2 protein chains.
Amino acid sequence: MRPETIENYLKTIYNLSSNNTAVVSNQKIADRLSLNPATVTEGLRKLHELKYIVYEKSYGSRLTAAGSKLALDIIRRHRIWETYLAKELGFGWDEVHAIAEELEHVNNVKLINKLAAILGNPIYDPHGDPIPDERGKIQKSNFIKLSEAKIKWNYKVMGVTDHSTTFLKYLEKHNLIIGAGINIKTIEDFDNSIVLICQKKEVNISPKAADCIIVQSI
Amino acid sequence: MRPETIENYLKTIYNLSSNNTAVVSNQKIADRLSLNPATVTEGLRKLHELKYIVYEKSYGSRLTAAGSKLALDIIRRHRIWETYLAKELGFGWDEVHAIAEELEHVNNVKLINKLAAILGNPIYDPHGDPIPDERGKIQKSNFIKLSEAKIKWNYKVMGVTDHSTTFLKYLEKHNLIIGAGINIKTIEDFDNSIVLICQKKEVNISPKAADCIIVQSI
DNA sequence: ATTATCTTTTTGGTATGCCAAAAATAATAA
DNA sequence: TTATTATTTTTGGCATACCAAAAAGATAAT
Ligand SMILES: [Mn+2]
Ligand SMILES: [Mn+2]
Ligand SMILES: [Mn+2]
Ligand SMILES: [Mn+2]
């Protein structure tokens, strides 16, 4: 398998198994990588061969220690590049993901560590995602999704789980950027949409959007 | 054809046809890209199909206007990255080529122009090679190879045509870096090796090495 | 429990990029 | 010019990465 192919699979499996213990379904991987399910079945069989994952057919996949190491390595590269593009090269948080998707495959430890050093070894990327250190150690957070927030409570926006330009532009428009403080005003009964206060203005958030926003109770 | 494959061919053809008018042989391309001659024949046929080159069988190839444009674009990316790695990220001139070889395939105009701007839109890369501007305009030099230098004359080192670590380290050892002034002391008759003075020290240069050093008469 | 539906796997097939060996062609030396 | 050598092309094949459609398996609904 080409390194790029391996890396894209492992990264995806890591990202989809949030706590990194859950088993990941073929379909989710196929969706995320825009691949045919048949292709994914093949790919997973090969990754199992290579001992990067444990793959039980018709059940799911999870990373081995070796797979986890590789996944964290490429996630580190991706997030360091995103941070460098945003902080040092002036790109918007909605632009960096697509470029990092390619830059991440350039595998040069010295390069990534140099970028990290220039940035002061950051722990979070522009979307609030934690950046693994050189040895694969990664910050574990107890943040929740906005869709799980409770009425009347105050929260701080800590991250997003969707990196698309459309979504991030939409958030920016309502000042829902990393670090922003919000208060949950109401949660509509009939569709679970959330009305919150951000910078004194009322914002209506759909359940789908609320699922992609990560917050911390304050 | 994959973009990366196309780019590697076009860049190579450009680099091998120095003045950009000469026709390039299949073998030279095969050597440079470490490919089997059979593979190159196929590749060139496809590039001809795509109108990036004019390929006359058993004769050679040369770039079309479209091919030249693409070639200059990737050469720009390569050389901008080399310069950025050396100047901004602290890599040695012997290290940058290998990394740039991968980074060059990340095709994002805004990114390259940003890097170029930070560097002050440089015209030469760390090896003395000219960097095309955004529209493909490239400096044309009248430098000569050290192997063509005349006895007793004074020259300045302007560039190298070999980017391997071994060669560049060897040059560094003798202070033969870009900008260094040299004087040709003797040219040995029996093997054409050159004895020159650089920083008051005598250095003996083999014909093979002299062929990879670019100088300007001063 | 039996359908109906969704998910995964198998099967057969395509496109790309590569190589080894043989055949054809061109270049060079005798 | 003819032979020798070098280069290029053709042929047949391999590996990877993918997909569409059919078959098998698992889940959910009645
Ligand atoms: Mn990627
Ligand atoms: Mn990110
Ligand atoms: Mn180079
Ligand atoms: Mn260079």
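Chain identifiers are assigned alphabetically (A, B, ...) following the order of the sequence lines, protein sequences preceding nucleic acid strands; residue numbering begins at 1 within each chain. From a predicted model like this one, the values you see are computed outputs, not experimental measurements.
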Applying salt bridge (charged side-chain N to carboxylate O under 4.0 Å, His left out), name anything that partners A:D211, two or more places apart in sequence or on another chain.
A:K145
Calculate the interatomic distance between [X] atom [atom1] and [N] atom [atom2]; express it in whole Å.
X: B:L44; N: D:dT9; atom1: CG; atom2: C1'; value: 12 Å
X: B:Y59; N: D:dT9; atom1: OH; atom2: C1'; value: 18 Å
X: A:N8; N: D:dA17; atom1: CG; atom2: P; value: 11 Å
X: A:I6; N: D:dC18; atom1: CD1; atom2: P; value: 12 Å

Find out whether A:H105 and A:N8 are in side-chain contact, i.e. whether some heavy atom of one side chain is under 4.5 Å from a heavy atom of the other.
yes
State which residues pass side chain to side chain contact (heavy atoms under 4.5 Å, CB included) with [X]; sequence neighbours excluded, sorted by chain then number.
X: A:S141; value: A:F143
X: B:R135; value: B:D133
X: A:K169; value: A:D94, A:T165, A:E172

Pairs of donor and acceptor atoms involving the side chains of residues 51-65 of chain B, under 3.5 Å and at least two apart or interchain, shall be tabulated with distances.
from, atom 1, to, atom 2, distance (Å)
B:T64, OG1, B:K51, O, 2.8
B:T64, OG1, B:Y52, O, 3.1
B:T64, OG1, B:A66, N, 3.4
B:T64, OG1, B:G67, N, 3.1

DNA chain C contacts made by residues 27-39 of chain A, counting heavy atoms under 4.0 Å:
A:Q27, A:P37, A:A38
Show me the protein contacts with nucleotides 22-24 of chain D, counting only N or O atoms at under 3.5 Å.
none

For residues 70-88 of chain A, which side-chain N or O atoms pair as donor and acceptor with protein atoms under 3.5 Å away, sequence neighbours left out?
from, atom 1, to, atom 2, distance (Å)
A:D73, OD2, A:R77, NH2, 3.0
A:R76, NH1, A:P132, O, 3.0
A:R76, NH2, A:N113, OD1, 2.7
A:R77, NH1, A:E7, OE2, 3.3
A:R77, NH1, A:E104, O, 2.8
A:H78, ND1, A:E104, OE1, 2.7
A:H78, NE2, A:E82, OE2, 2.7
A:H78, NE2, A:H97, ND1, 3.1
A:R79, NH1, A:P130, O, 2.7
A:E82, OE1, A:H127, ND1, 3.1
A:E82, OE2, A:H97, ND1, 3.2
A:T83, OG1, A:R79, O, 2.7
A:Y84, OH, B:Y84, OH, 2.5

Any chance CG of B:D191 has more than 12 other-residue heavy atoms, nucleotides or ligands included, within less than 6.0 Å?
yes
Hey, can you pull the residues of residues 47-56 of chain B with a non-hydrogen atom under 4.0 angstrom from DNA chain D?
B:Y55
Across the strands shown, which category fits B:S58 at heavy-atom distances under 4.0 angstrom: base, sugar-phosphate, nothing?
sugar-phosphate
The ring pair (Phe, Tyr, Trp, His ring centres under 6.0 Å) partners of A:Y124 (sequence neighbours excluded) come to none
Tell me which donor-acceptor pairs under 3.5 Å the side chains of residues 25-47 of chain A have, and how far apart each pair is, sequence neighbours excluded?
from, atom 1, to, atom 2, distance (Å)
A:S25, OG, A:K28, N, 3.3
A:N36, OD1, A:A38, N, 2.8
A:T41, OG1, A:P37, O, 3.2

Side-chain donor-acceptor pair present, A:H163, A:D129, cut-off under 3.5 Å:
yes
Need two values: the first and the last nucleotide of DNA chain C, 5' to 3', having an atom under 4.0 Å from any heavy-atom of chain B.
C:dT16 to C:dA26
